Amino acid sequence: MKAHIIGGGFGGLAAAALLIRNAGVSGADITIYEADERLGGGFFLGGSAQSGYNLPGSVFDKEFRCTFDLLKAIPSARNPSISVTEDFFAFNTSEPYQDRAHIFDRDGRIVHGPRFGLSMADGLGLARVVLTPEAMLDGRRIDEFFSKQFFSTEFWFLWSTIMGSLPRHSAIEFRRYMNRFLYLFGELSDMTGVMRTPLNQHQFFVEPLVAWLRPHDVNFLTGAFVRDIGLARSPGRITVDRLDYERGGVATSVAVAPEDLVLVTTGSQAADISPGSMTEVPRPRPSGRSWALWERLAQGRTDFGNPGAFFGTARIPDSLWVTFTVTDTGSEFINQIAALTGSEAGRGGLVTLKDSGWVLSLSVFHQPEIIGQPPGTSVWWGYGLYPDRNGEFVRKPMTACTGAEILEETLRQLRFDKQLDAIMASSICVPCYMPYVNNIWLPRRRGDRPPPVPEGATNLGFIGQYVEVPKEIAFTIECSVRTAWEAIYVLLKRGPAPPPVYQGQYDLKALFNALRVFL
Ligand SMILES: Cc1cc2nc3c(=O)[nH]c(=O)nc-3n(C[C@H](O)[C@H](O)[C@H](O)COP(=O)(O)OP(=O)(O)OC[C@H]3O[C@@H](n4cnc5c(N)ncnc54)[C@H](O)[C@@H]3O)c2cc1C
């Protein structure tokens, strides 16, 4: 039996590890096809200390059950005598977030008040979304359930900047996030319970997994774009019999036997991302490659989902972020932000500038964020939830700005005017255009995402963010690992079933914690 995994992001890598660990498949019988030259997908690490790093900023919690179960077996890059899971929890226990200042208004004041600014009516609105069965939320938007005022509360800024949602986004996903993270509700402003990696996610999650898969002889084909897979015709059954890929300009067709397995990553939040520099605006680079195979497979049928609900130029305005990573050889910024927030680097969680046109959020990482980061250098990250709006000091949309312009707007928003020249001189700010990063939040209908194993499929599974597993939330590696685990479990009928998705609404402690906000 051979296994073909299309996509070398965390989901594809996890699928390979699960095949070995849960289903006893030999690594030598597994091939991962990755269109990019590098593995890791959304958990990328680009640039260098000299040119400025480019990476995503991410958060997690203790209930990433599939992920941390899998990573129990994978040695940590920082300390190979313990697992990635042990390293993650030890770090978050010894150095938890202590977010003392999360939301700032235009006068530089910390916004924090009773009930996170929520009224009883807002509380009822939240209860209404949670109590409405998901089947009745098809295609509906969050703003259908709340007054306009709700979207200017402290709660909304806390929630939307940690989770990524906009008022026009999916009520289904919002409901799932509420249930999944209800237990964080009471301490949302200090981010108690929210966790992060001690290093960037590429080196903390991706590299150790690859290092574990290599000695198992898994075949990695990077720079290999899978153009098509062939489906044998037989009534009521879907069986892959062929896989076509291109690598280095050479097209290759691989025969797939009925007992083989093909797992397809149906898309990527990192599709078509494009970095800029201090002096260059990041230019869109549309290629559509990350979802081209899904589009091809779903053509003319409804059981493989609807890629158009998430991808294509019409989706970009509601899904786009501009992120920026700052590499700073000075100490002025780190000192000033610590003085402003009362938290040392890496302990403070997000800083959101709520009245900035772009709604900027910043995260100062635990240093060093990167293995090999030069001593004395610090790396921090930010993003704009509304990159299409004008900045206040740089009166342009964030999408039209160079790294220097984004950094200037951010520093002026922070009122670091006196230190501005010094920080600008010691920093490299790399902006990154991410047209589809937030598309998992777009309003969707049942059937827009296919299940991990479509009806009748005998050797075909779907994995990643654009795959439907009841109750599971997207924008998480957990979703990718769970879909892989589920597909393997259903198709091969080997190993344990995935653990259930944590649901706060059935956890009395979580419920009480959430209700306390309103008492
Ligand atoms: C800015 C940002 C912030 C994030 N924050 C968080 C967070 O806070 N918490 C969290 O848990 N997650 C976060 N994520 C999401 C996380 O990165 C993804 O959940 C995870 O990387 C998804 O893994 P995946 O393998 O499913 O998809 P991806 O990592 O997107 O990888 C899919 C891969 O498949 C490849 N591919 C697609 N089609 C083909 C083809 N036909 N042939 C060959 N290769 C193909 C693509 O090139 C891509 O490399 C964040 C992501 C970004 C970008």
Side-chain angles (χ1 to χ4, degrees), residues 4-16 31-46 54-61 63-64 66-68 161-164 180 194-197 200-202 204-206 209 220-229 243-247 262-273 287-297 307 311 319-325 350 361 363 381-384 432-440 462-467 472-484:
H4 304 272
I5 299 171
I6 300 159
F10 194 76
L13 299 170
T31 303
I32 298 179
Y33 304 80
E34 170 51 56
D36 287 348
E37 295 303 330
R38 294 192 63 178
L39 297 163
F43 279 165
F44 56 91
L45 172 60
N54 179 31
L55 42 75
S58 301
V59 286
F60 312 87
D61 81 340
E63 300 294 351
F64 277 52
C66 299
T67 306
F68 291 124
T161 53
I162 301 174
M163 316 293 177
R180 177 65 179 73
V194 178
M195 297 177 166
R196 78 279 195 229
T197 46
N200 68 90
Q201 293 80 52
H202 187 81
F204 193 74
F205 286 135
V206 173
L209 199 45
F220 292 97
L221 287 186
T222 50
F225 172 60
V226 178
R227 183 164 289 287
D228 199 7
I229 56 177
L243 180 150
D244 302 333
Y245 72 94
E246 286 167 11
R247 191 175 191 224
V262 176
L263 299 176
V264 179
T265 312
T266 48
S268 174
Q269 288 177 267
D272 296 350
I273 65 170
S287 83
R289 290 213 315 176
S290 295
W291 72 95
L293 180 60
W294 182 21
E295 202 164 45
R296 180 157 177 77
L297 293 173
F311 292 104
S319 132
L320 167 75
W321 279 2
V322 174
T323 66
F324 56 103
T325 308
L350 282 181
S361 289
S363 172
W381 180 85
Y383 79 99
C432 190
Y433 177 82
M434 299 198 160
Y436 297 106
V437 66
N438 217 5
N439 68 356
I440 61 89
F462 293 131
I463 63 175
Q465 304 295 304
Y466 310 94
V467 176
E472 187 55 277
I473 52 165
F475 218 133
T476 62
I477 45 169
E478 177 70 357
C479 176
S480 296
V481 182
R482 181 176 293 283
T483 52

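Note that the coordinates shown come from a computational prediction; the quantities given were computed from them, not determined experimentally. Atoms within each ligand, like the ligands themselves, are counted from 1 in listed order.
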A.B. asks: Within less than 4.0 angstrom of ligand 1, does Gly40 place any heavy atom?
C.D. replies: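 The answer is yes: ligand 1 sits under 4.0 Å from a heavy atom of Gly40.
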A.B. asks: Which of the atoms of ligand 1 are close to Ala35, meaning less than 4.0 Å from one of its heavy atoms?
C.D. replies: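 Taking each heavy atom of Ala35 in turn, ligand 1 has 43 (C), 44 (N) under 4.0 Å.
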A.B. asks: Between Thr265, Thr266, Asn439, which is the residue that forms a side-chain hydrogen bond (donor to acceptor under 3.5 Å, both in side chains) with Tyr466?
C.D. replies: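 Only one option passes, and that is Asn439.
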A.B. asks: With backbone taken as N, CA, C and O and side chain as the heavy atoms from C-beta onward, which portion of Phe225 lies under 4.0 Å from ligand 1: side chain, backbone, both, or neither?
C.D. replies: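 Under 4.0 Å from ligand 1, Phe225 contributes backbone and side-chain atoms.
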A.B. asks: Could you tell me whether ligand 1 has any atom less than 4.0 Å away from a heavy atom of Gly57?
C.D. replies: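 So Gly57 counts as touching ligand 1.
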A.B. asks: Kindly write out the residues that satisfy salt bridge (charged side-chain N to carboxylate O under 4.0 Å, His left out) with Arg227, not counting sequence neighbours, or none if the list is empty.
C.D. replies: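 Partners of Arg227 under the salt bridge (charged side-chain N to carboxylate O under 4.0 Å, His left out) test: Glu246.
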A.B. asks: Geometry only, no angles: is Glu34 polar-contacting ligand 1 at N/O separations under 3.5 Å?
C.D. replies: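 Yes; at least one N/O pair falls below 3.5 Å.
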A.B. asks: Tell me which one of Phe68, Phe205, Phe475 satisfies ring pair (Phe, Tyr, Trp, His ring centres under 6.0 Å) with Phe60.
C.D. replies: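 In the set Phe68, Phe205, Phe475, the residue that makes a ring pair (Phe, Tyr, Trp, His ring centres under 6.0 Å) with Phe60 is Phe205.
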A.B. asks: Could you tell me whether some N/O pair between Met434 and ligand 1 is separated by less than 3.5 angstrom?
C.D. replies: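 By distance alone, the answer is no.
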A.B. asks: Tell me whether ligand 1 is touched by Cys479 - counting only heavy atoms on the residue side and a distance under 4.0 Å.
C.D. replies: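 Contact check Cys479 vs ligand 1: negative.
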A.B. asks: Is the closest heavy atom of Tyr245 to ligand 1 under 4.0 Å?
C.D. replies: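 False for this residue.
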A.B. asks: Kindly give the heavy-atom pair with the smallest separation between Ile229 and Leu293, and that separation in Å.
C.D. replies: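 For Ile229 and Leu293, the tightest heavy-atom pair comes out as N-CD1, 4.0 Å.
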A.B. asks: Taking the minimum heavy-atom distance to atom 11 (O) of ligand 1, which of Ile477, Thr483, Asn438, Leu297 ranks first?
C.D. replies: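 The residue whose heavy atom sits nearest atom 11 (O) of ligand 1 is Ile477.
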A.B. asks: Under 4.0 Å from any heavy atom of Gly11, which atoms of ligand 1 are there?
C.D. replies: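 The atoms of ligand 1 under 4.0 Å from a heavy atom of Gly11 are 23 (O), 24 (P), 25 (O).
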A.B. asks: In this structure, is the centre-to-centre distance between the rings of Phe311 and Tyr436 below 6.0 Å?
C.D. replies: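 When the ring centroids of Tyr436 and Phe311 are compared, they turn out to be within the sub-6.0 Å range.
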A.B. asks: Can you tell me if Thr476 uses its side chain to pair, donor with acceptor, with the backbone of Cys479 under 3.5 Å?
C.D. replies: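 Yes, the answer is positive, given that a donor and an acceptor are paired below the 3.5 Å cut-off.
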A.B. asks: Could an N or O of ligand 1 be found under 3.5 Å from any N or O of Ile6, whether backbone or side chain?
C.D. replies: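 By distance alone, the answer is no.
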A.B. asks: Among all the protein's non-hydrogen atoms, which is closest to atom 4 (C) of ligand 1, and how far away is it?
C.D. replies: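 Scanning the protein heavy atoms, the shortest distance from atom 4 (C) of ligand 1 goes to Phe475 CE2, 3.3 Å.
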A.B. asks: What do we get for Ala271 next to ligand 1 when only non-hydrogen atoms under 4.0 Å count, side chain, backbone, both or neither?
C.D. replies: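 It is neither part, as no heavy atom is under 4.0 Å.
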A.B. asks: Tell me whether Ala270 has any N or O atom under 3.5 angstrom from an N or O of ligand 1.
C.D. replies: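 No, no N or O pair falls under 3.5 Å.
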A.B. asks: Could you tell me whether the side chain of Ser319 and the main chain of Pro435 form a donor-acceptor pair under 3.5 Å?
C.D. replies: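 Between the backbone of Pro435 and the side chain of Ser319 there is a qualifying donor-acceptor contact (under 3.5 Å).
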A.B. asks: Quick one: side chain to side chain donor-acceptor pair (under 3.5 Å) partners of Thr67, sequence neighbours excluded?
C.D. replies: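 Listed in chain order: Glu478.
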A.B. asks: Among protein heavy atoms, which lies nearest atom 15 (C) of ligand 1, and at what distance?
C.D. replies: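 That would be Gln269 OE1, 3.3 Å.
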A.B. asks: Does a salt bridge link Arg180 with Asp61, judged by any charged N lying under 4.0 Å from a carboxylate O?
C.D. replies: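 Between Asp61 and Arg180 there is a salt bridge, with a charged N closer than 4.0 Å to a carboxylate O.
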A.B. asks: To which protein heavy atom is atom 29 (O) of ligand 1 closest, and what is the distance rounded to 0.1 Å?
C.D. replies: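 Among all protein heavy atoms, the one nearest atom 29 (O) of ligand 1 is Gly42 N, 2.8 Å.
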A.B. asks: Just let me know how Phe64 lines up against ligand 1, side chain, backbone, both or neither, with a heavy-atom cut-off below 4.0 Å.
C.D. replies: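 For Phe64, only side-chain atoms sit under 4.0 Å from ligand 1.
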A.B. asks: Taking atom types as modelled, find out whether Ser58 and Gln201 have a side-chain donor-acceptor pair closer than 3.5 angstrom.
C.D. replies: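 Yes, because at least one side-chain N or O of Ser58 sits under 3.5 Å from a partner of the opposite role on Gln201.
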A.B. asks: Which option, Ser58, Gly7, Ser480, owns the non-hydrogen atom nearest atom 7 (C) of ligand 1?
C.D. replies: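 Going through Ser58, Gly7, Ser480 one by one, Ser58 has the nearest heavy atom to atom 7 (C) of ligand 1.
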A.B. asks: If you measure every N or O of Val59 against every N or O of ligand 1, does any of those distances drop under 3.5 Å?
C.D. replies: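 In this structure, Val59 places an N or O atom under 3.5 Å from an N or O of ligand 1.
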A.B. asks: Is there a polar contact, in the sense of an N or O pair closer than 3.5 Å, between Trp321 and ligand 1?
C.D. replies: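 It does not: no N or O of Trp321 is found under 3.5 Å from an N or O of ligand 1.
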A.B. asks: Suppose we measure from atom 32 (C) of ligand 1 to each protein heavy atom; which comes out shortest, and what is that distance?
C.D. replies: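 The protein heavy atom lying closest is Thr265 CG2, 3.7 Å.
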A.B. asks: Considering distance alone, does some N or O of Gln465 sit under 3.5 Å from an N or O of ligand 1?
C.D. replies: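 Gln465 vs ligand 1: N/O contact under 3.5 Å present.
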